[in-house]
Amino acid sequence: MTIALYPGSFDPVTNGHIDIAARAATLFEKVIIGVYDLPAKRLLFDRDERAGMMREAVAKFPNIEVRLYSGLTVDYARKIGARVIVRGLRANSDFEAEFAMALMNKKNEPDIETVCLMTSNEYVFLSSSLLKEVAALGGEIRNLVPPHVAEALRRKYEAQGVKS
Ligand code: ADP
């Protein structure tokens, strides 16, 4: 059985992430979505919120599981028996970063392969950071995230006193 790890910050999960996870679930027997607990970025949602939103988003897929992790991604992949790390690729800018990360991961753990899936057309320009910018200003995000994520964004910005 090939287990694939799909790691990321998912702050918050978007339809672009779900599309990659769903497609990976047709290629591998099991996909574990690893929600990285403390990425080196400023986060809007804490780790439990990010994992909880992701769990709800992929609940209908029987072979996808969501777990929190910390530390090196390849160490975590080895620990859970994943032979593959799945990443999503949007534009050129993603390629540079993913290429460097894949080579670094390979150096640390030669037996684990990185598999990049190309984004679907409708999500080429969708990123969690752009989504948050639009949501904070009250823009339309309905087709970009599941309804529970749109609601969580609305509540979060309301609590922060930002009109949305
Ligand atoms: P990071 O892992 O850098 O913190 P994210 O959590 O946003 O970034 O994304 C996790 C993975 O999903 C990355 O490989 C990223 O390139 C990919 N991804 C993000 N948004 C999309 C999208 N719209 N389409 C395809 N892949 C995406």
Side-chain angles (χ1 to χ4, degrees), residues 3-28 30-58 61 63-77 79-80 82-106 108-109 112-136 139-150 152-153 156:
I3 300 174
L5 171 66
Y6 178 30
S9 320
F10 308 113
D11 184 44
V13 54
T14 69
N15 288 346
H17 296 129
I18 298 167
D19 174 62
I20 296 292
R23 286 161 54 203
T26 67
L27 297 173
F28 306 106
K30 184 165 192 140
V31 174
I32 295 178
I33 298 180
V35 178
Y36 191 56
D37 72 345
L38 268 184
K41 330 177 161 173
R42 228 180 114 233
L43 293 169
L44 181 63
F45 293 100
D46 69 28
R47 60 186 190 176
D48 295 322
E49 290 173 319
R50 286 180 286 125
M53 281 186 276
M54 181 58 98
R55 270 194 197 104
E56 193 169 339
V58 297
F61 300 97
N63 62 334
I64 302 183
E65 209 179 287
V66 179
R67 298 193 201 162
L68 277 166
Y69 80 102
S70 53
L72 264 187
T73 299
V74 280
D75 286 347
Y76 183 63
K79 193 172 133 195
I80 61 173
R83 288 239 20 242
V84 171
I85 291 176
V86 171
R87 298 287 287 175
L89 276 188
R90 283 159 298 188
N92 287 348
S93 51
D94 271 351
F95 177 77
E96 296 280 332
E98 296 298 339
F99 192 44
M101 207 187 310
L103 291 183
M104 186 58 81
N105 285 342
K106 192 87 183 158
N108 276 281
E109 191 52 74
I112 296 178
E113 294 293 344
T114 298
V115 171
C116 289
L117 300 181
M118 308 306 138
T119 188
S120 298
N121 265 336
E122 58 268 50
Y123 307 128
V124 175
F125 299 110
L126 177 55
S127 67
S128 296
S129 43
L130 184 58
L131 175 83
K132 285 181 280 188
E133 254 183 80
V134 175
E140 182 56 72
I141 56 166
R142 236 177 314 168
N143 294 324
L144 305 179
V145 290
H148 69 279
V149 176
L153 280 163
K156 183 69 85 177

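Read the numbers this way: they start at 1 and go in the same order the structure lists the ligands and their atoms.
Every residue two or more places apart in sequence or in another chain that forms a ring pair (Phe, Tyr, Trp, His ring centres under 6.0 Å) with F10 is listed here: Y6, H17. The ring pair (Phe, Tyr, Trp, His ring centres under 6.0 Å) test applied to F95 returns F99, not counting sequence neighbours. Remark: Y69 engages Y36, Y76 in a ring pair (Phe, Tyr, Trp, His ring centres under 6.0 Å) (not counting sequence neighbours).
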Name each N or O atom in ligand 1 that is under 3.5 Å from a protein N or O, and give the partner atom and the distance.
{"unit_1": "ligand 1", "atom_1": "2 (O)", "unit_2": "R87", "atom_2": "NH1", "d": "3.1"}
{"unit_1": "ligand 1", "atom_1": "2 (O)", "unit_2": "R87", "atom_2": "NH2", "d": "3.3"}
{"unit_1": "ligand 1", "atom_1": "4 (O)", "unit_2": "S9", "atom_2": "N", "d": "3.4"}
{"unit_1": "ligand 1", "atom_1": "4 (O)", "unit_2": "S9", "atom_2": "OG", "d": "2.4"}
{"unit_1": "ligand 1", "atom_1": "4 (O)", "unit_2": "K41", "atom_2": "NZ", "d": "2.8"}
{"unit_1": "ligand 1", "atom_1": "6 (O)", "unit_2": "S9", "atom_2": "N", "d": "2.8"}
{"unit_1": "ligand 1", "atom_1": "6 (O)", "unit_2": "F10", "atom_2": "N", "d": "2.9"}
{"unit_1": "ligand 1", "atom_1": "7 (O)", "unit_2": "H17", "atom_2": "NE2", "d": "3.2"}
{"unit_1": "ligand 1", "atom_1": "9 (O)", "unit_2": "H17", "atom_2": "NE2", "d": "3.3"}
{"unit_1": "ligand 1", "atom_1": "12 (O)", "unit_2": "Y6", "atom_2": "OH", "d": "2.8"}
{"unit_1": "ligand 1", "atom_1": "14 (O)", "unit_2": "R87", "atom_2": "NE", "d": "3.1"}
{"unit_1": "ligand 1", "atom_1": "14 (O)", "unit_2": "G88", "atom_2": "N", "d": "3.0"}
{"unit_1": "ligand 1", "atom_1": "14 (O)", "unit_2": "G88", "atom_2": "O", "d": "3.4"}
{"unit_1": "ligand 1", "atom_1": "14 (O)", "unit_2": "E98", "atom_2": "OE2", "d": "3.3"}
{"unit_1": "ligand 1", "atom_1": "16 (O)", "unit_2": "G88", "atom_2": "O", "d": "2.7"}
{"unit_1": "ligand 1", "atom_1": "20 (N)", "unit_2": "R90", "atom_2": "NH1", "d": "3.3"}
{"unit_1": "ligand 1", "atom_1": "23 (N)", "unit_2": "Y123", "atom_2": "O", "d": "3.0"}
{"unit_1": "ligand 1", "atom_1": "23 (N)", "unit_2": "L126", "atom_2": "O", "d": "2.9"}
{"unit_1": "ligand 1", "atom_1": "24 (N)", "unit_2": "T119", "atom_2": "OG1", "d": "2.8"}

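Scanning all heavy atoms of the two residues, the minimum distance from F45 to R50 falls at O-NE, 3.0 Å.
Between the side chain of S127 and the backbone N or O of L130 there is at least one donor-acceptor pair closer than 3.5 Å.
Considering CG of D48 and CE of M53, their distance stands at 10.5 Å, rounded to 0.5 Å.
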